[in-house]
Amino acid sequence: MAKQNTQQIKLNKDLSLDFSEYKRKIKAAGYSYFDFSKQAVSEIAVKEIDKVSNYEVRVIVQALFPEYLQCSGLFDGFLFFEIRSNKRVDPPKYYYGVLTSYLNNDDKAKVNRLAEEVKDLFEQNGIAYSESWKQFFDGLK
């Protein structure tokens with residue numbers, strides 16, 4: 001995957017909006033959509049982080065990228081594709097290796113660190129999170 005010049009992007013932080021059109025479009029293309037809601041994200045946030053499943057992490061990440069098809073790849077844990085005319089558009093628009101990665105795994109343009117965006121999602125929606133999530137976020141510094 002060719003590296004591109006990474007610039008910060010605005011991610012979704014409003015869990016009160018209706019994203020059913022994005023879900024419909026992605027499902028119409030034959031792909032899975034990780035359903036999310038404020039309640040679902042809240043239930044995941046209060047869990048001890050080591051008890052959070054891979055699926056649950058993807059639910060939280062889908063909330064940040066509601067308009068994109070979310071997949072995983074050989075080297076990147078989170079790949080985000082646009083869907084046009086019921087087809088996946090390659091290459092992926094955005095990607096992260098793991099939760100602690102920066103957008104497009106670019107350690108030079110340290111923008112949109114996935115874990116920091118998750119923390120901001122929790123805080124902007126008044127979602128309480130467990131002590132283990134807090135320790136995880138604190139360890140990012």
Side-chain angles (χ1 to χ4, degrees), residues 1-84 86-141:
M1 200 172 307
K3 290 284 183 181
Q4 57 189 0
N5 186 12
T6 303
Q7 296 180 8
Q8 189 165 15
I9 59 170
K10 184 165 177 34
L11 300 179
N12 174 60
K13 301 289 175 64
D14 189 347
L15 294 175
S16 67
L17 299 176
D18 179 11
F19 296 103
S20 57
E21 184 58 28
Y22 295 130
K23 177 182 175 180
R24 185 206 56 75
K25 187 166 87 169
I26 290 169
K27 285 187 159 281
Y31 295 100
S32 296
Y33 192 81
F34 296 90
D35 277 326
F36 64 89
S37 64
K38 183 175 181 180
Q39 179 180 342
V41 172
S42 296
E43 289 170 4
I44 297 166
V46 296
K47 285 184 162 188
E48 292 303 311
I49 200 165
D50 63 343
K51 302 286 190 227
V52 176
S53 70
N54 184 47
Y55 181 86
E56 290 169 320
V57 170
R58 294 195 174 283
V59 168
I60 293 171
V61 173
Q62 188 78 71
L64 293 167
F65 291 89
E67 69 271 34
Y68 294 100
L69 163 64
Q70 182 184 164
C71 300
S72 60
L74 184 59
F75 300 108
D76 299 299
F78 302 93
L79 300 169
F80 302 96
F81 296 89
E82 290 182 286
I83 297 288
R84 282 194 222 125
N86 288 342
K87 301 268 189 234
R88 183 180 91 177
V89 178
D90 288 316
K93 181 135 176 122
Y94 305 113
Y95 46 94
Y96 291 96
V98 293
L99 272 178
T100 55
S101 300
Y102 292 98
L103 182 66
N104 295 344
N105 299 326
D106 190 343
D107 288 328
K108 294 179 184 156
K110 297 183 177 190
V111 296
N112 292 107
R113 191 178 209 180
L114 191 51
E116 291 168 350
E117 297 293 352
V118 169
K119 179 182 180 189
D120 197 42
L121 175 72
F122 291 168
E123 291 176 352
Q124 285 195 32
N125 287 280
I127 295 173
Y129 49 89
S130 70
E131 183 61 30
S132 62
W133 276 102
K134 181 182 181 320
Q135 289 171 358
F136 172 69
F137 296 140
D138 289 347
L140 297 173
K141 298 172 185 167

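Basis for what follows: all heavy atoms, side chains included, without hydrogens, waters or symmetry-related copies.
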**Student:** What are the two closest heavy atoms between A128 and V46, and how far apart are they?
**Tutor:** O-CG1, 3.6 Å
**Student:** side-chain contact (heavy atoms from CB on, under 4.5 Å) for D107 and Y102? Distances and angles first, verdict last.
**Tutor:** CA-CA 6 Å; D107 288 328; Y102 292 98; 3.5 Å; yes
**Student:** Do R88 and I83 have side chains that get closer than 4.5 Å, going by heavy atoms?
**Tutor:** yes
**Student:** Could you tell me which residues satisfy salt bridge (charged side-chain N to carboxylate O under 4.0 Å, His left out) with E116, sequence neighbours excluded, listed by chain and number?
**Tutor:** R113
**Student:** For residues L11 and N112, determine if any side-chain heavy atom of one lies less than 4.5 Å from a side-chain heavy atom of the other.
**Tutor:** yes
**Student:** With a 4.5 Å cut-off on side-chain heavy atoms, are I127 and S42 touching?
**Tutor:** yes
**Student:** According to the salt bridge (charged side-chain N to carboxylate O under 4.0 Å, His left out) rule, which pairs have a member within residues 25-45, sequence neighbours left out?
**Tutor:** K23-D35
**Student:** At what distance, to the nearest 0.5 angstrom, does CD of Q124 lie from CZ of F122?
**Tutor:** 12.5 Å
**Student:** Around atom OH of Y55, are there more than 12 heavy atoms from other residues, nucleotides or ligands closer than 6.0 Å?
**Tutor:** yes
**Student:** Is it true that atom CD of E48 has more than 12 heavy atoms of other residues, nucleotides or ligands lying nearer than 6.0 Å?
**Tutor:** yes
**Student:** Do E117 and K13 sit within salt-bridge range, that is, some charged N less than 4.0 Å from a carboxylate O?
**Tutor:** yes
**Student:** For a quick test of reading the model, state the closest non-hydrogen atom pair linking W133 to I44 and the distance between them.
**Tutor:** NE1-O, 3.5 Å
**Student:** Would you find a donor on one side and an acceptor on the other, under 3.5 Å apart, between the side chain of S72 and the backbone of F78?
**Tutor:** no
**Student:** Would you give the length of the straight line joining atom OG1 of T6 to atom NZ of K110, rounded to the nearest 0.5 angstrom?
**Tutor:** 13.0 Å
**Student:** Please table the atom pairs, donor to acceptor, closer than 3.5 Å between any side-chain atom in residues 63-71 and protein atoms at least two apart or in another chain.
**Tutor:**
| residue | atom | partner | partner atom | Å |
| --- | --- | --- | --- | --- |
| Q70 | OE1 | R58 | NH1 | 2.9 |
| Q70 | NE2 | R58 | O | 3.2 |

**Student:** Within the side chain of E123, is there an N or O that forms a donor-acceptor pair under 3.5 Å with the backbone of D120?
**Tutor:** no
**Student:** Does any part of the side chain of L121, heavy atoms only, come nearer than 4.5 Å to the side chain of L15, both counted from C-beta?
**Tutor:** yes
**Student:** Do F81 and Y94 make the cut of ring centroids closer than 6.0 angstrom?
**Tutor:** no
**Student:** Working to the nearest 0.5 Å, report the span between NZ of K134 and OH of Y129.
**Tutor:** 7.0 Å
**Student:** Has D76 got a side-chain atom pairing as donor or acceptor with L79's backbone, closer than 3.5 angstrom?
**Tutor:** no
**Student:** Between F80 and Y95, is the ring centroid distance below 6.0 Å?
**Tutor:** no
**Student:** Can you measure from OG1 (T100) to CZ (F137) and round to the nearest 0.5 angstrom?
**Tutor:** 12.0 Å
**Student:** Grab the two heavy atoms, one from R24 and one from E21, that are nearest each other, plus how far apart they are.
**Tutor:** NH2-OE2, 2.6 Å
**Student:** Donor-acceptor pair, S132 side chain versus I49 backbone, under 3.5 Å?
**Tutor:** yes
**Student:** Rounded to the nearest 0.5 Å, what's the gap from CG on N125 to CG on D14? Could you check?
**Tutor:** 6.5 Å
**Student:** Relative to each other, are the rings of F19 and Y22 parallel, tilted or perpendicular (30° and 60° limits)?
**Tutor:** parallel
**Student:** Roughly how far apart are L103 CG and Y96 OH, rounded to 0.5 Å?
**Tutor:** 4.5 Å
